[in-house]
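What follows is one structure encoded as structure tokens, with my remarks underneath.
A, B, ... follow the sequence lines: proteins, then strands. Residue 1 opens every chain.
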Number of protein chains: 2
Amino acid sequence: MSVTIKDVAKAANVAPSTVSRVIANNPRISERTKVKVREAMELLGYHPNFIARSLANQATQVIGLVTPGSSDVFFQNPFFPTVLRGLNEGAHEHQYALQLVTGKSEDDIYNGVVQMVQGGRVDGVVLLYSKVEDRIVSYLQERNFPFVMIGKPYKMADSITHVDNDNVRAGFDATEFLIGMGHERIAYVGGDKQLVVTVERLQGYKDALQKAGIPYRDDYTVHESFLLEGGKDAICALMELPEQDRPTALLVTDDLMSLGVLNTLSELDMSVPEDISIISFNNVLFSEMSRPPLTSVDINIFQLGYEASKQLINCVENKDVPYHRITVPHKIVKRFSTEYTKK
Amino acid sequence: MSVTIKDVAKAANVAPSTVSRVIANNPRISERTKVKVREAMELLGYHPNFIARSLANQATQVIGLVTPGSSDVFFQNPFFPTVLRGLNEGAHEHQYALQLVTGKSEDDIYNGVVQMVQGGRVDGVVLLYSKVEDRIVSYLQERNFPFVMIGKPYKMADSITHVDNDNVRAGFDATEFLIGMGHERIAYVGGDKQLVVTVERLQGYKDALQKAGIPYRDDYTVHESFLLEGGKDAICALMELPEQDRPTALLVTDDLMSLGVLNTLSELDMSVPEDISIISFNNVLFSEMSRPPLTSVDINIFQLGYEASKQLINCVENKDVPYHRITVPHKIVKRFSTEYTKK
DNA sequence: TTGTACGCGTTATCAT
DNA sequence: ATGATAACGCGTACAA
């Protein structure tokens with residue numbers, strides 16, 4: 001059995017409640033007894049029991065982290081560790097711990113969340129972007145339980161606190177970047193159409209084309225899963241277009257996808273950026289490790305996580321903070337996969 | 001306030017203790033009251049409070065996960081998400097949750113662990129391999145607190161339960177694989193010398209050379225940090241050797257490093273596998289996404305995590321399980337970075 | 001300024 | 001088969 005507040009009390013010749021107050025640094029305790037008690041704590045190697053404290057406080061100082069199914073590609077994407085680092089750092093600064101909820105199936109995850117929440121294991125929840133959250137979101141909203149999302153919610157985006165990039169703008173900027181290099185035949189290679197990011201970046205892409213007076217072509221839009229093999233066929237189709245129709249630049253919405261695209265292009269004997277330019281998204285570690293290193297839109301993944309923690313803790317500690325939307329800035333990191341058109 | 005066991009008791013016209021027994025499915029409760037109580041629980045939407053339960057049980061059903069400093073490269077390596085998936089799945093099967101401990105500095109982490117442990121937040125701890133654990137390990141050992149390591153401990157490997165590959169054997173197998181392809185000039189590109197894996201795989205490499213009667217050369221051994229840029233100089237040095245001295249194959253102990261090596265080689269206009277073969281380690285997702293796809297020793301990262309959870313839970317639930325060493329098998333996945341020597 | 005007593009939601013022991 | 005009661009370790013009104 002560990003040393004408890006009572007042991008300390010005895011050793012210091014005070015009541016348990018006094019010890020408790022010393023821990024909380026209650027100003028109504030005399031300096032002299034504070035010192036005395038602290039010495040006793042030190043001597044006995046006392047550490048407060050979080051569980052008991054949580055029970056008394058009705059608060060755990062733990063944040064639940066909900067991720068998409070663990071079998072999902074999600075875990076494989078370097079996005080995950082980075083956002084995790086951010087979350088962790090934000091939580092750490094306020095002495096909160098992070099607890100994971102995952103599962104193989106959607107049901108698994110849902111039940112995990114319910115257990116966490118009803119079981120009082122966590123004070124709040126951060127949802128990592130995915131398409132399956134609907135049930136979870138409504139559940140949390142119903143119970144009025146503190147949560148924030150990373151990424152933009154499907155629905156009711158203006159009643160759910162979330163941390164996100166301005167993805168329309170990001171798509172716009174990336175496209176304009178290519179246009180600025182003289183490209184006019186730009187194709188959009190996006191991820192799952194169900195994902196809000198995909199849709200938003202596409203919107204930005206269209207906006208930029210329109211602004212430049214470049215007509216939008218349906219056959220220049222490709223949607224593939226975030227995994228790599230997926231893209232192959234689509235890319236081939238694009239490259240088999242007659243030369244004057246073939247895109248000179250690609251906007252690819254994820255670095256992982258870009259890697260796949262690079263491989264496919266290499267098999268087709270097209271070189272980047274000589275034959276075709278690529279601008280990518282996310283700027284994870286290996287965007288600089290590919291050949292060639294990718295020009296990528298840095299969406300500040302770490303910050304996304306960091307802000308999410310901060311926001312959530314704010315919601316938890318200050319009852320009834322109003323709805324918030326945090327927009328994390330992006331910026332284009334130029335590397336070697338983009339080049340001016342020859343023409 | 002949530003609905004408690006007392007509310008259920010009232011609703012079902014029984015004592016709280018009876019409800020508790022129903023939850024535990026105590027056989028000494030009549031079917032009839034079980035049904036009655038369960039109905040009441042359903043009706044009220046009752047969920048047991050984990051915190052209270054933990055306090056009464058002196059057990060939290062939570063596993064603490066200790067990772068190296070979050071600023072570290074560790075998070076960036078795809079090793080992490082995969083092992084996490086494994087850990088999660090193992091924990092999930094036994095209804096355990098995962099809680100993270102990280103920090104920027106070594107002290108941060110150490111304090112985090114102490115808080116977790118003394119604070120009674122977790123029932124056991126899994127240590128992810130790193131070099132800084134010494135203090136933590138001794139702390140845990142002193143307090144006789146359940147923990148398992150992933151990877152091999154520095155010291156006292158035979159008194160610490162750990163889950164690991166047979167890395168000597170893995171190094172041996174990889175080297176023999178290259179030798180079997182006719183290679184004789186094989187260089188070893190390893191990570192940080194402080195890491196046990198690095199040393200063990202090197203040992204296996206030496207063993208294989210010896211068995212084949214190939215003399216070991218000091219200038220064929222390179223140690224670089226797991227990060228990519230690091231390798232560059234060393235690789236260049238190797239490639240600048242006179243042609244008859246230049247290695248025809250490389251054994252690189254991490255896929256991330258291999259990516260860097262591939263890039264360096266490409267800059268030097270050497271092609272893989274035509275000019276030089278590479279066998280890599282870990283077989284993370286992008287070993288098949290590189291150009292060329294890497295032949296890599298699959299160390300079964302998922303399994304590493306999965307077994308670690310299982311082991312830990314075993315330690316936690318059955319007092320005094322003896323020391324255990326779990327060895328997770330590896331296997332070579334052949335792709336396109338290795339080829340028979342021309343000669 | 002400090003001590004007393006009760007509550008947080010469960011489980012476990014001891015009765016009945 | 002079930003109910004009453006005492007822990008579990010801490011926070012906090014209320015009393016002194």
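Remark: Tyr46(B), His47(B), Pro48(B), Asn49(B), Ala52(B), Arg53(B) in residues 36-55 of chain B come within less than 4.0 Å of DNA chain C through at least one heavy atom.
When the side chain to side chain donor-acceptor pair (under 3.5 Å) test is applied to Lys34(B), the partners found at least two apart in sequence or on another chain are Asn25(B). Not counting sequence neighbours, Phe79(B) has no partner by the ring-ring contact (aromatic ring centres under 6.0 Å, His included) test. Looking at residues two or more places apart in sequence or on another chain, you find a side-chain contact (heavy atoms from CB on, under 4.5 Å) between Asp164(B) and Lys152(B), His162(B), Asn167(B), Glu200(B), Arg325(B). With sequence neighbours excluded, the residues forming a side chain to side chain donor-acceptor pair (under 3.5 Å) with Asn314(B) are Asn318(B), listed by chain and number. Residues passing the side chain to side chain donor-acceptor pair (under 3.5 Å) test with Asp158(A), sequence neighbours excluded: none. Scored by the ring-ring contact (aromatic ring centres under 6.0 Å, His included) test, Tyr96(B) finds no partners at all (sequence neighbours excluded).
Distances from the side chain of Ser20(A) to the nucleotides dT10(C), dA4(D), dT12(D) place dT12(D) closest. Set against dC8(D), dT2(C), dG11(D), the side chain of Ala56(B) has dC8(D) as its closest nucleotide.
The distance from atom CD of Gln61(A) to atom P of dC10(D) is 15 Å, rounded to the nearest whole Å. Summarising the geometry, the separation between CG on Asn26(A) and C1' on dA13(D) is reported as 13 Å, rounded to the nearest angstrom. When rounded to the nearest whole Å, the span between CG of Asn25(B) and C1' of dT10(C) equals 17 Å. In this structure, Lys6(B) places its NZ atom 13 Å from P of dA4(D), rounding to the nearest Å. Ile29(A) places its CD1 atom 13 Å from the P atom of dG11(D), with the value rounded to the nearest Å. The NZ atom of Lys34(B) sits 10 Å away from the P atom of dA1(D) (whole-angstrom rounding). Atom P of nucleotide dA6(D) and atom CG of Asn57(B) are separated by 20 Å, given to the nearest angstrom. A straight line from CD1 of Ile5(B) to P of dG7(C) spans 18 Å, rounded to a whole angstrom.
Between the Thr161(A) side chain and the His324(A) main chain, a donor and an acceptor come within less than 3.5 Å of each other.
Between the axis at the start and the axis at the end of the helix from dT1(C)-dA16(D) to dT16(C)-dA1(D) there is an angle of 40°, using five pairs per end and rounding to 10 degrees.
Partner of Ile150(A) under the side chain to side chain contact (heavy atoms under 4.5 Å, CB included) criterion, chosen from Val328(A), Leu87(A), Leu127(A), Leu65(A): Leu87(A).
Counting only residues at least two apart or on different chains, the side chain to side chain donor-acceptor pair (under 3.5 Å) pairs with a member in residues 109-126 of chain B are Thr60(B)-Asp123(B), Gln118(B)-Tyr139(B), Gln118(B)-Arg143(B). Counting only residues at least two apart or on different chains, the side chain to side chain donor-acceptor pair (under 3.5 Å) pairs with a member in residues 299-308 of chain B are Glu93(B)-Tyr306(B), Gln303(B)-Glu307(B), Tyr306(B)-Lys310(B).
In terms of position on DNA chain D, the residue among Ala15(B) and Thr18(A) whose nearest nucleotide sits closer to the 5' end is Ala15(B).
Residue contacts shown for Ser30(A) are limited to sugar-phosphate atoms, with no base heavy atom under 4.0 Å away. Here Val14(B) lies in heavy-atom contact (under 4.0 Å) with sugar-phosphate atoms only.
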Using a 3.5 Å cut-off and no angle test, enumerate the donor-acceptor pairs between side-chain atoms of residues 16-24 of chain A and protein atoms at least two apart in sequence or in another chain.
{"residue": "Ser17(A)", "atom": "OG", "partner": "Arg21(A)", "partner atom": "NH2", "Å": "3.4"}

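Atom OH of Tyr46(A) sits about 9.5 Å away from atom CG of Asp7(A), to the nearest 0.5 Å.
Here Gln58(B) reaches the OP1 or OP2 of dG9(D): one of its side-chain N or O atoms lies under 4.0 Å away. Dashed line: the shortest gap from a side-chain N or O of Ser2(A) to OP1 or OP2 of dG9(D) is not under 4.0 Å. Ser17(B) has no side-chain polar atom (N or O) that falls below the 4.0 Å cut-off from OP1 or OP2 of dT2(D).
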Provide a list of protein-nucleic acid N or O atom pairs under 3.5 angstrom, restricted to nucleotides 14-16 of chain D.
none

